[in-house]
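What you see below is based on every heavy atom in this structure, not just the backbone, and it leaves out hydrogens, waters and symmetry mates. We number each residue from 1, following the sequence as shown. Order of listing sets the numbers, starting from 1, for every ligand and every atom in it.
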Amino acid sequence: MRIVLCGGAGYIGGHAAVVLAQRGHEVAIVDNLSNSSARAVERLGEVAGMPFEFHHLDIRDAAAMDRMFALRPVDAVMHFAALKAVGESCEKPLDYFDNNIGGSIALLQAMRRAGVRRLVFSSSATVYGDPERVPVTEDARLQVSNPYGRTKLVVEELIGDLCRAQADFRAANLRYFNPVGAHESGLIGEAPGGIPNNLMPYICQVAVGRRPELSVFGGDWPTVDGTGVRDYIHVMDLARAHADALDYLVREDRNLTVNLGTGRGVSVLELVQAFAEASGREIPYRIVGRRDGDVAEVFADPSLAQRLLGWRAELDVRAMCRDAWRWQSANPDDYAD
Ligand code: NAD
Ligand code: UD1
């Protein structure tokens with residue numbers, strides 16, 4: 001199939017591009033490089049063994065999107081393109097509404113004009129907010145506590161309405177838990193600009209000497225060791241799920257909303273320990289106050305994805321830490337080497 005990956009130069013989209021190319025699909029990457037780089041696109045080509053077709057454009061640019069879709073018939077779109085920093089979304093909500101919601105509407109309109117009727121959308125476990133119980137199933141109550149989360153929920157709802165209105169439109173909402181790790185080559189990985197918001201890239205930067213210590217946000221949560229518990233999932237397992245979700249849309253001709261996680265909760269201190277073992281580096285840390293908006297414990301019930309897609313996460317926390325460290329130690333300044 002010919003598949004367009006919007007936001008495909010980024011962390012998750014890039015790993016998905018590699019997996020899709022390996023499965024024999026023709027991949028075209030669309031990205032405005034607002035949170036990625038031409039260097040990252042080059043590296044993706046090195047990993048795949050062949051340069052990717054790349055379109056440097058914004059999904060909100062209707063004319064440019066029409067030209068891109070007109071090149072050759074497209075079988076499906078995977079939509080990774082979004083801003084994703086929760087704190088920033090609270091300061092600049094309009095930017096998030098414009099890019100994430102406006103961008104998604106513009107993309108859906110461009111797909112309609114081009115007659116493309118399959119979509120795989122990057123949603124997030126953030127749509128569950130502070131879940132009433134764990135493991136979280138897909139029918140849990142949906143609630144959002146920040147503008148970023150709202151954009152994910154709204155776009156899921158828009159896609160749902162579109163599926164009801166357009167009988168032949170098929171979509172998969174993939175609710176990612178906490179993607180971490182990197183391709184085993186060490187050539188591509190997560191490259192957060194500025195100070196990382198998320199735990200794993202922060203640990204990586206401490207390990208590689210870019211930051212003196214990790215602040216652990218809260219040691220008094222009602223969890224196994226008092227630190228926050230999350231469901232970390234290896235980005236290559238996640239990437240594989242995208243290919244499987246697309247196969248499902250084609251094979252079953254039905255829409256899909258699934259959790260993508262391992263089903264296993266891991267605490268901050270457990271991840272720190274696993275990373276120290278994988279890297280052979282000590283990770284100095286200090287327990288500080290809780291972060292606003294954080295919750296104690298979130299992990300997935302991933303059984304629906306297994307039932308419908310035949311997918312399950314295979315790589316464990318050791319592999320996640322090993323591969324994140326391979327990437328960071330070989331690229332201490334991410335793609336800026
Ligand atoms: P990322 O920032 O690395 O990738 C997103 C890519 O989209 C970037 O390359 C960026 O340049 C591009 N982009 C943004 N707006 C664009 C626009 N208007 N037009 C064209 N390109 C645009 O982020 P990621 O971690 O790879 O996340 C991918 C998707 O998965 C996002 O939608 C994110 O919200 C979602 N998600 C991520 C996580 C996570 O922890 N990384 C968790 C849940 C969901
Ligand atoms: C974050 C996002 C969420 C998104 C999810 C997956 C926030 C507030 N929420 O959540 O919307 O869906 O990523 O991408 O950003 N931690 C530390 N020190 C740090 C960083 C994190 O102790 O420097 C702790 C956190 O308190 C949490 C755990 O590590 O307990 C994981 O944090 P993080 O990686 O930011 O992911 P989420 O909190 O799940």
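Atoms of ligand 2 lying under 4.0 Å from any heavy atom of V216, numbered from 1 in the order shown and given with element: 22 (O). Listed by number with element, the atoms of ligand 1 under 4.0 angstrom from any heavy atom of K84 are 2 (O), 23 (O), 24 (P), 25 (O), 34 (O), 41 (N). Atom numbering of ligand 2 starts at 1 in the shown order; those under 4.0 Å from a heavy atom of G228 are 30 (O). Those atoms of ligand 2 that come under 4.0 Å of a heavy atom in Y232, given as number and element, are 28 (C), 31 (C). Residue contact check: D294 has heavy atoms under 4.0 Å from atoms 25 (C), 26 (O), 38 (O) of ligand 2. Listed by atom number, the atoms of ligand 1 under 4.0 Å from K152 heavy atoms are 31 (C), 32 (O), 33 (C), 34 (O).
Polar contact with ligand 2: present for L199 (N/O pair, distance under 3.5 Å). Residue-to-ligand polar distances keep V86 apart from ligand 2: every N/O pair is separated by 3.5 Å or more. Distances between N or O atoms of S123 and those of ligand 1 include no value under 3.5 Å.
Among the candidates V120, D247, V19, the single residue satisfying the side-chain contact (heavy atoms from CB on, under 4.5 Å) test with H242 is V120.
Neither the backbone nor the side chain of H79 has a heavy atom within less than 4.0 Å of ligand 1. Under 4.0 angstrom from ligand 1, the non-hydrogen atoms of L33 all belong to its backbone. Looking at N178 against ligand 1, nothing comes within 4.0 Å, counting heavy atoms.
The nearest non-hydrogen atom to atom 14 (C) of ligand 1, considering only S122, A82, P201, G10, comes from A82. Nearest to atom 10 (O) of ligand 2 by heavy-atom distance, out of R175, E88, R291, E297, is R291.
Among all non-hydrogen protein atoms, the one lying nearest atom 4 (C) of ligand 2 is S124 OG, 4.2 Å. For atom 6 (C) of ligand 2, the closest non-hydrogen atom of the protein is F177 O, 3.7 Å. Protein heavy atom nearest atom 34 (O) of ligand 1, with residue, atom name and distance: Y148 OH, 2.7 Å.
Ring planes of Y335 and W327: tilted class, angle from 30 to 60°.
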